[in-house]
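Read the structure below first, then the notes.
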2 protein chains.
Amino acid sequence: METGDHNMAARRRTNGNTESVDNYLKAILYLGGAEESRVTIKALAGRLSVAPASVTNMLQKLAGSPAPLVEYERHRGVRLSSAGKRRALEVVRHHRLIETFLYQVLDYPIEELHEEAERLEHFISERFEQRIAAKLGNPRIDPHGHSIPTMEGEMPEGERPARESILLADVVGDGTFVIDSISDRDAHSLRSIEACGITPGARLRVRKSASSEGYSVRTGRSSKVFDLSREVARDVRVVRLPK
Amino acid sequence: METGDHNMAARRRTNGNTESVDNYLKAILYLGGAEESRVTIKALAGRLSVAPASVTNMLQKLAGSPAPLVEYERHRGVRLSSAGKRRALEVVRHHRLIETFLYQVLDYPIEELHEEAERLEHFISERFEQRIAAKLGNPRIDPHGHSIPTMEGEMPEGERPARESILLADVVGDGTFVIDSISDRDAHSLRSIEACGITPGARLRVRKSASSEGYSVRTGRSSKVFDLSREVARDVRVVRLPK
DNA sequence: TCCTATAGTTAGGTATACCTAATTTGGAAG
DNA sequence: CTTCCAAATTAGGTATACCTAACTATAGGA
Ligand SMILES: [Mn+2]
Ligand SMILES: [Mn+2]
Ligand SMILES: [Mn+2]
Ligand SMILES: [Mn+2]
């Protein structure tokens, strides 16, 4: 009979992390931004829907372990260690590969990708990751236009969202744009975004409708005009085209 | 800001159960057998690799809830309530659909199906279940020859393993058989089983080799003879063919 | 019938990952 | 400089799901 303690420490997964730890790492990666700046306890608490006290606790534990996943200094916020960054990108890779797979192979509606991926990303094996990547032809972009980190745990060249992309909601004046990416988190926004033909990579002509608060947009060659609320425009990133 | 308690009770899943609870229900379903007889604490503890005390605790909790998943009487073992049986079959359906999917769509080797399915079965949504079922053409049998419970939560007609099937290890004398199913739990056995061409539904000619402790088998039309150890023969279920 | 072995239960802990409430701290504003 | 306040930390709990050790009940054998 087993000692039984192989089963304890409850939530170890394929890797050595719990779902919770993975989610902290992803949140730090995201909030740190491209400059990988220090992330505030409050910001983490907000993103993870958890009390600040819980964040402090978790970070102390993560920073105090033998091979720390984060660098944490009291009252000065956190950043990822290189091991932490590697793991965070691994989870992001899982997430985006799963989304791509659900979309392309299982015909999920775009607004349901995120929730399923958010759960499954923590539980698939390396084999599963490799098999779906192979099946999809090693895609580099997910259905929302986000770059899929490489197998080696790095963000690929020409990262998306692109550094130079801006929120549609921040566009001033009229213009023509390329759609960089769309947010994956709000199912309601995603429905409207898809309904008016907005797809990463497509071209978008924008007119800031002076009358209403929103944006009038036409996609691709279509002459159909759609009106987007400010709300929804906050979930679309674009890159301005010259001319 | 959220109240925060949407996030507590940690391990709630798509459904309302934790992974642990699901595993108890599956174990009770399995150990209760076709007659759904009462299952012993000790048997459960063995199957789940958990201390008997932990089993008692869990069963008391499950039996004491408002809509109990089990019927439990002190010192007299447990059986599933009808809600418990429904949920157990739901998880078994997940498990077997996932195995079929990994095998047919993602080309997993047969001996790696079980471990991945054992984890993922608890975390997929109903949508995921339906989509893979549809993609596979609503299969009724998994790669090991086990029946996949229906969407309505019932074991289908002509259940497999069949009532009349016996372990290859219990075969006395020579004879011809149909392979009913193979166990999914031992990766090592599965390798040897596959290596000699044993597949659910195939025909198997058996000669109990008097010399060694094992079984000499030929599958299908092949004239190649393989020797199986008693160990491995315990992982194969067969149905004797008349004549 | 009695006795004892085995199965089961209770009692008391551990670790994870949350919470609220109380306290501390560091930096910006006066 | 001091003050003050938002942000962070500490202190003290909860729930889940395990554990070991100690105790009890039941059923089969003498
Ligand atoms: Mn997640
Ligand atoms: Mn995404
Ligand atoms: Mn399981
Ligand atoms: Mn199986």
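A, B, ... follow the sequence lines: proteins, then strands. Residue 1 opens every chain.
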Between [X] and [N], is there a contact of a side-chain N or O with OP1 or OP2 at under 4.0 Å?
| X | N | result |
| --- | --- | --- |
| B/S20 | D/dT16 | no |
| A/Y24 | C/dC18 | yes |
| A/S54 | C/dC19 | yes |

Quiz item: Who are the salt bridge (Lys or Arg N to Asp or Glu O under 4.0 Å) partners of A/E36, not counting sequence neighbours?
Solution: A/K85
Calculate the interatomic distance between [X] atom [atom1] and [N] atom [atom2]; express it in whole Å.
| X | N | atom1 | atom2 | result |
| --- | --- | --- | --- | --- |
| B/N57 | D/dA21 | CG | C1' | 14 Å |
| A/N17 | C/dA15 | CG | P | 19 Å |
| B/E19 | D/dA15 | CD | P | 22 Å |

Do [Y] and [X] meet the salt-bridge criterion of a basic N to acidic O distance under 4.0 Å?
| X | Y | answer |
| --- | --- | --- |
| A/R131 | B/D107 | no |
| B/K26 | B/E118 | yes |
| B/E116 | A/R127 | no |

Do [X] and [Y] touch side chain to side chain, with heavy atoms closer than 4.5 Å?
| X | Y | value |
| --- | --- | --- |
| B/P143 | B/T100 | yes |
| B/H144 | B/I110 | yes |
| A/N23 | A/E19 | yes |
| B/I182 | B/D235 | no |

Exercise. List in numerical order all residues of residues 58-68 of chain B for which some heavy atom is under 4.0 Å away from an atom belonging to DNA chain D.
Key: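 Going residue by residue through residues 58-68 of chain B, the ones with a heavy atom under 4.0 Å of DNA chain D turn out to be B/M58, B/K61.
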Can you give me the N/O atom pairs linking the protein to nucleotides 6-8 of chain D at distances under 3.5 Å, or say none if there are none?
residue, atom, partner, partner atom, Å
D/dA7, OP1, A/K42, NZ, 3.4
D/dA8, OP1, A/T40, OG1, 3.3
D/dA8, OP1, A/I41, N, 3.3
D/dA8, OP2, A/K42, N, 2.8

